[in-house]
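Here's the structure, in structure tokens; my notes come after.
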Amino acid sequence: MFMFLIFIINTVLVTSADLKPEHYSKTCPQAETIVRNIMKISFLKEPRSVASIMRFQFHDCFVNGCDGSLLLDDTPTMLGEKLSLSNINSVRSFEVVDEIKEALEKACPGIVSCADIIIMASRDAIALTGGPDWQVKLGRLDSLSASQDNSSDIMPSPTSNATTLIDLFQQYNLNVKDLVALSGSHSIGKARCFSIMTRLYNQSGSGKADPAFNPSFRAELFKQCPLDVDQNKTLNLDATPVIFDNQYFKDLVDGRGFLNSDQTLFTFTQTQGLVRLFSIDQNEFFNAFVEGMLKLGDLQSDQPGEIRKNCRVVNSRPAPHVMYEHMT
């Protein structure tokens with residue numbers, strides 16, 4: 001019976017109402033400092049890594065809530081989310097999360113979830129690159145499984161238009177302002193030529209480039225991403241790719257958005273006004289971005305969870321016959 005109770009205790013449910021900023025104040029008060037320090041080191045080693053980790057929150061939370069499912073490796077019986085259509089050759093820097101988890105396990109074994117690490121590290125990625133800093137709510141549990149199909153089906157494509165994006169965000173109680181502000185996450189980082197080949201050479205089946213391109217920017221991209229390019233080549237998402245600022249929105253106004261899912265926010269009437277606002281008022285953008293990230297972080301699944309010892313694998317379970325022996 002004891003082993004059975006341990007199993008039940010480690011697979012409980014958490015709702016957004018259970019999340020709070022001071023969750024680790026007594027059990028692991030140094031948790032946020034540990035995460036921030038490792039993120040600083042990672043940023044100094046490779047600035048792009050923090051942009052990659054910041055996106056973890058999006059790619060994790062949209063798929064069955066913020067539960068760390070993104071971090072699970074494939075197993076013989078489960079296809080994880082790392083190789084989904086939206087993540088393969090795109091989401092990277094998992095080793096930084098491994099390093100954070102290792103440090104936290106040394107300081108506070110079995111206390112801090114991988115799902116919470118994603119939330120803290122995403123916030124730190126923004127703060128370390130010049131963006132806003134904010135108090136995150138903590139107390140999430142880690143999932144017991146992942147779903148490659150869900151990740152492929154849910155995450156938006158870089159070719160998405162504004163209508164598709166609005167509909168997706170509304171499914172998660174995120175409004176148009178949240179959509180535009182959170183799209184500003186593309187203020188830092190890079191994207192692959194693969195993501196814009198259709199937009200450059202066959203927008204809407206026309207055999208031509210997207211007319212929304214600024215002509216000089218289009219010419220630049222033709223040189224950087226010719227038809228015979230290695231499509232894994234990366235280019236900056238905005239003109240200041242290692243600084244979190246409102247340059248992304250200035251670029252959209254100027255027709256220099258990299259992805260179709262970016263530029264569509266300026267060509268679509270319902271979102272254009274917010275793009276203009278954020279392009280001239282960085283504080284408005286920062287405030288809206290923090291609000292959106294907090295709402296995104298509140299997304300929770302209705303499935304049991306645990307505190308993983310290793311973010312890449314679920315914790316080991318007692319074999320069924322062992323549980324039976326303890327129960328008799």
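None of these values were measured; they are calculated from a predicted model. Position 1 is the first residue of the sequence, and the numbers go up from there. No hydrogens, no waters, no symmetry mates; every other heavy atom, side chains included, goes into these values.
Annotation for F62 and I154: closest pair O-CG2, 3.6 Å, computed over non-hydrogen atoms. Nearest heavy-atom pair across Q231 and R192 is O-CB, 3.4 Å. Closest of all the heavy-atom pairs between L104 and C28 is CD2-SG, 4.4 Å. Of all heavy-atom pairs spanning F258 and D262, the tightest one is N-OD2, 4.2 Å.
Judged by distance alone, with hydrogens and angles left aside, the side-chain atoms of N37 form no donor-acceptor pair with the main-chain N or O of I34 at under 3.5 Å. Under a 3.5 Å cut-off, the side chain of S42 and the backbone N or O of M39 do not form any donor-acceptor pair. No side-chain donor-acceptor contact under 3.5 Å links R48 to the backbone of V242. In terms of modelled atom types and a separation under 3.5 Å, the side chain of R256 and the main chain of V253 share no donor-acceptor contact. Under the 3.5 Å distance criterion, the side-chain polar atoms of S187 are matched with a main-chain donor or acceptor of I243. Counting only distance, with no hydrogens or angles, the side chain of E284 and the backbone of F278 share no donor-acceptor pair below 3.5 Å.
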side-chain hydrogen bond (donor to acceptor under 3.5 Å, both in side chains) evaluation trace for N315 with K309: CA-CA 6 Å; N315 297 338; K309 298 176 182 177; 5.8 Å; no
Stepwise, does the salt bridge (Lys or Arg N to Asp or Glu O under 4.0 Å) test hold for E32 with R123? CA-CA 10 Å; E32 293 194 58; R123 182 270 314 272; 2.6 Å; yes
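Between D67 and Q300 the shortest side-chain heavy-atom distance does not fall below 4.5 Å. No side-chain heavy atom of L237 sits under 4.5 Å from any side-chain heavy atom of Y248. In this structure the side chain of L165 reaches within 4.5 angstrom of the side chain of T264, judged on heavy atoms. Two residues are said to be in side-chain contact when any heavy atoms from C-beta on lie closer than 4.5 Å; F266 and R276 meet this criterion. The side-chain heavy atoms of V112 and M120, taken from C-beta on, include a pair separated by under 4.5 Å.
A salt bridge does not link K82 to D74: none of the charged side-chain nitrogens sits closer than 4.0 Å to a carboxylate oxygen. Ion pairing between R36 and D133 holds under the 4.0 Å rule for side-chain N and carboxylate O.
Atoms CD1 and CZ, from I280 and F249 in turn, are 12.5 Å apart once rounded to the nearest 0.5 Å. With rounding to the nearest 0.5 Å, the separation of CD1 in I196 from OG in S261 is 11.5 Å. Remark: Q282 CD to D245 CG distance equals 5.5 Å, nearest 0.5 Å. Of the inter-residue distances, the one linking L200 atom CG with S195 atom OG reads 11.0 Å to the nearest 0.5 angstrom. We find the CG-CD1 distance between L70 and I118 to be 5.5 Å, quoted to the nearest 0.5 Å. Here Q148 contributes atom CD and N150 contributes atom CG; the two are 10.5 Å apart, rounded to the nearest 0.5 Å.
Between N260 and Q203, the side chains place a donor N or O and an acceptor N or O closer than 3.5 Å (distance only, hydrogens not considered). Checked by atom type, the side-chain pair D167/T164 shows no donor-acceptor distance below 3.5 Å. Of the N and O atoms on the side chains of N214 and S216, at least one donor lies less than 3.5 Å from an acceptor on the other residue. With 3.5 Å as the limit, one finds no donor-acceptor pair spanning the side chains of Q303 and S143. With hydrogens and angles left out, the side-chain atoms of S157 and T159 include a donor and acceptor closer than 3.5 Å. Under the 3.5 Å distance criterion, with hydrogens and angles disregarded, a donor-acceptor pair is assigned to the side chains of Y24 and D116.
Within 6.0 Å of the NZ atom in K233, the count of heavy atoms belonging to other residues, nucleotides or ligands exceeds 12. Within a 6.0 Å radius of CZ in F268, other residues, nucleotides and ligands contribute more than 12 heavy atoms.
Aromatic rings from F222 and F213 are positioned such that their centres are separated by 6.0 Å or more. Taking the six-membered ring for Trp and the full ring otherwise, the centers of F244 and F289 sit less than 6.0 Å from each other. Taking the six-membered ring for Trp and the full ring otherwise, F94 and F56 have centroids separated by under 6.0 Å.
Side-chain heavy atoms closer than 4.5 Å link hydrophobic residues (I, L, V, M, F, W, Y) into clusters, and following such links, even through other members, never connects I111 to V314. The hydrophobic cluster containing M197 also contains L221, counting ILVMFWY residues as joined when their side-chain heavy atoms lie under 4.5 angstrom apart, directly or transitively.
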